[in-house]
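Because the structure is predicted, anything quoted here is derived from the model rather than measured.
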2 protein chains.
Amino acid sequence: MKPKAPTMADVAAAAGVSTMTVSRALKPDTSVSEKTRTKIQEAADALGYVLDSSAANLSSRKTGFVAVTIPSINNSNFADTLRGIVDTLRGTDLQVLLGYTDYSKDEEERLIEQFLRRRPEAIVVTGGAHTERCRRLIGNSGVPVVETWDLPEMPLGDVVGFSNAAAGRLMVEHFIEQGYGKIGFIGGDTSRDTRGLDRRRGFVAALEANGLAADRLVATGPPPITMREGALSMRRMLDRWPDTEAVMCVSDQAAFGAMTEAQRAGLKVPQDIAVAGFGADALSEHAIPAITTVDVSCEEIGVRTATVLLRALGLAEGTLAPESKVTPRLIARDSTTNAARRSS
Amino acid sequence: MKPKAPTMADVAAAAGVSTMTVSRALKPDTSVSEKTRTKIQEAADALGYVLDSSAANLSSRKTGFVAVTIPSINNSNFADTLRGIVDTLRGTDLQVLLGYTDYSKDEEERLIEQFLRRRPEAIVVTGGAHTERCRRLIGNSGVPVVETWDLPEMPLGDVVGFSNAAAGRLMVEHFIEQGYGKIGFIGGDTSRDTRGLDRRRGFVAALEANGLAADRLVATGPPPITMREGALSMRRMLDRWPDTEAVMCVSDQAAFGAMTEAQRAGLKVPQDIAVAGFGADALSEHAIPAITTVDVSCEEIGVRTATVLLRALGLAEGTLAPESKVTPRLIARDSTTNAARRSS
DNA sequence: AGTGATGATGTTATCGGTAACATAAACTGG
DNA sequence: CCAGTTTATGTTACCGATAACATCATCACT
């Protein structure tokens with residue numbers, strides 16, 4: 001049934017050359033005469049030969065792997081970043097080895113350990129919070145690292161991210177500008193989603209800096225924060241603080257869940273309550289009303305990350321690394337426009 | 001800077017044993033005395049030793065890779081299936097090698113070719129449409145394959161999927177039951193998204209079987225079909241056939257875009273026009289009104305796929321393979337409830 | 001024609017593990 | 001207490017490619 005896959009030696013024999021010549025013929029930019037290259041190509045096709053990377057990796061000490069960990073697959077923001085990475089890497093012979101941590105540092109450690117055995121040429125992780133052992137593993141590996149989606153205090157290597165706290169602050173400023181005073185936050189489990197927590201921290205700090213109460217905080221369960229979580233949290237928010245005027249949510253998904261829950265309860269958005277999200281998902285644009293959100297250029301983070309890596313690996317020319325800091329940008333939409341309320 | 005990573009030989013020397021004993025000590029279920037195992041473990045930790053899979057793969061002819069291709073990362077349905085696969089594989093020493101085809105058969109071929117070099121132990125592809133060369137490559141590899149999300153006429157190996165045509169038919173029957181007569185479809189580029197096309201085909205066939213006109217078809221651009229595409233398509237639908245009573249969309253995302261566009265145009269859903277989607281995304285549940293959709297148990301597809309593979313690889317006991325056919329299930333919601341219209 | 005540069009190909013020695021077999025030590029039961 | 005088995009460990013021979021160096025022909029130009 002399975003008559004053993006042909007090896008390079010088989011191809012070499014069939015073409016009447018040495019394996020070294022076959023090896024060369026199968027790569028671009030190597031000196032092999034057109035004639036023999038054709039001959040070898042034909043022999044390879046006839047045999048159905050497929051190169052064995054394991055062997056190539058071992059011999060050349062290059063695997064072509066880039067290890068990437070993201071918290072969740074089912075999150076369009078991280079998916080956008082991943083897409084940015086993969087698309088930028090397309091064309092090079094680098095391949096992404098993807099793992100998702102489920103927002104757990106221990107799981108991240110497990111993944112990184114597993115990945116390091118594959119001898120990746122570069123590592124991309126999400127966020128700046130890691131277990132001590134994980135930091136050590138990555139450090140020892142001597143492989144270029146990029147931390148994304150955050151601005152870690154003790155970076156492991158390169159960073160392409162943004163200040164999550166700034167994103168929270170940005171929204172508070174917007175709310176205040178719009179004249180809202182009783183402002184709440186939905187999202188942020190205490191231990192896992194450190195980035196969401198940072199946004200909440202920035203949010204709280206900004207409220208306090210403006211002399212406003214920062215107690216209307218509804219912590220959702222552990223991530224991923226779903227629309228349902230957003231909806232449940234909004235219900236809790238309204239039960240506990242019925243006079244809340246504006247709510248920022250940890251993600252656009254949560255914001256949508258929260259907003260529709262409020263609407264189902266008979267509230268008008270933004271007249272009765274304003275809702276904002278984070279992430280600039282398409283959802284926020286199409287929802288009715290359109291949801292105010294913070295854009296952090298998820299895909300761009302991926303593109304820059306990959307670019308940084310290509311530079312670090314000497315695979316892309318240019319001395320200037322791309323700007324590593326992404327600036328969160330507020331997109332004001334109808335869900336937080338207070339004009340209606342004021343005029344009514 | 002990089003003093004070369006320690007090898008198994010280094011660990012063996014440090015622990016005063018042979019490399020073979022080290023190799024055994026690092027795997028479970030191998031006979032090594034507790035004492036030496038501890039000694040080796042300590043030596044390995046002290047040296048910061050990390051096993052090199054490339055070498056292990058070459059020698060043992062096992063890579064632990066499962067190659068998986070999905071059309072798009074940014075699609076929550078495929079992401080769910082992927083999660084089902086990854087989660088089910090967790091615990092085994094199999095690792096997913098993920099690629100996305102961008103709905104292109106040529107890209108799929110390119111990916112599969114790239115993946116085969118890594119000598120995966122199993123392959124998972126989405127759908128049953130592949131290039132001839134791709135079929136050949138997979139066939140020659142002698143590796144177990146699972147095709148998902150479809151019921152191919154000429155399967156390459158195992159199948160875990162559903163009839164996309166049936167999903168389209170299901171929705172038509174629901175529309176008819178609700179008393180709708182002028183029914184349209186949004187989505188389906190002619191060449192790329194074959195599954196979306198199958199849904200449309202089933203949809204058209206069912207309309208005709210019921211003696212209804214099946215001409216209200218708005219083809220979106222090439223996938224991925226975004227909310228924006230859904231919105232644009234709805235506008236075209238309404239321009240061309242203003243009296244349309246119900247519309248099925250190729251995905252929930254498209255349906256949401258289409259529905260909100262109709263609402264922005266002043267139409268009431270479902271009173272003025274009914275909208276339905278596909279995929280049972282959380283979005284459809286939370287939207288206002290909640291959107292009628294077809295549930296195909298995306299995650300379950302992934303779980304079953306992984307289970308089939310584990311069986312095929314002899315890594316899971318049990319002779320009975322899981323049912324490979326998933327039955328699309330209609331979830332009727334407010335967006336297609338005609339009661340309001342009839343009563344008005 | 002001679003000499004060095006260039007291009008095409010072959011030879012040899014690994015890369016870092018593991019399978020398979022061999023061996024030595026410890027244990028079993030009558 | 002010994003033959004027979006089990007357990008722990010070592011030896012040897014690769015797995016399938018590629019790096020590095022060697023070789024040999026060809027070509028250009030003085």
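The pair B:Arg110-B:Glu107 counts as a salt bridge, with a side-chain nitrogen and a carboxylate oxygen less than 4.0 angstrom apart.
Residue pairs meeting the ring-ring contact (aromatic ring centres under 6.0 Å, His included) criterion with at least one member in residues 89-134 of chain A, sequence neighbours excluded, do not occur. For residues 5-47 of chain B, the set of pairs meeting the ring-ring contact (aromatic ring centres under 6.0 Å, His included) definition, not counting sequence neighbours, is empty.
In this view, A:Asp193 satisfies the salt bridge (charged side-chain N to carboxylate O under 4.0 Å, His left out) rule with no residue, not counting sequence neighbours. By the salt bridge (charged side-chain N to carboxylate O under 4.0 Å, His left out) test, A:Asp80 is found to be paired with A:Arg83, residues two or more places apart in sequence or in another chain being considered. Under the rule for a side chain to side chain donor-acceptor pair (under 3.5 Å), the partners of A:Arg304 that lie at least two apart in sequence or sit in another chain are A:Glu300. When the side chain to side chain donor-acceptor pair (under 3.5 Å) test is applied to B:Thr38, no partner is found at least two apart in sequence or on another chain. The side chain to side chain donor-acceptor pair (under 3.5 Å) check on B:Arg195 picks up nothing, with sequence neighbours excluded. The side chain to side chain donor-acceptor pair (under 3.5 Å) search around A:Arg133 returns A:Glu109, A:Glu113, not counting sequence neighbours.
The separation between B:Lys35 atom NZ and D:dA8 atom C1' is 11 Å, rounded to whole Å.
Residues B:Pro222 and B:Arg192 share a closest heavy-atom pair of CB-NH2, 3.6 Å.
Within the 4.0 Å cut-off from OP1 or OP2 of C:dG7, not a single side-chain nitrogen or oxygen of A:Ser33 is found. Proximity of B:Ser53 to the phosphate of C:dG17: no side-chain N or O atom is located under 4.0 Å from OP1 or OP2.
Residue-level contact check: B:Thr21 touches the backbone only, with heavy atoms under 4.0 Å from sugar-phosphate atoms and none from bases.
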Contact pattern, 5' to 3', of nucleotides 14-20 of chain D - B, S or - by protein heavy atom under 4.0 Å: -BBBBBB
Hey, can you pull the donor-acceptor pairs under 3.5 Å for the side chains in residues 19-26 of chain A, sequence neighbours left out?
| unit_1 | atom_1 | unit_2 | atom_2 | d |
| --- | --- | --- | --- | --- |
| A:Thr21 | OG1 | A:Ser18 | OG | 3.3 |

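Of the residues in residues 37-48 of chain B, not one places a heavy atom less than 4.0 Å from an atom of DNA chain D.
Fit an axis to the five pairs at each end of the helix from C:dA1-D:dT30 to C:dG30-D:dC1 and the two axes sit 20° apart, to the nearest 10 degrees.
Listed candidates were D:dG10, D:dT9, C:dT9. Nearest to the side chain of A:Val32 is C:dT9.
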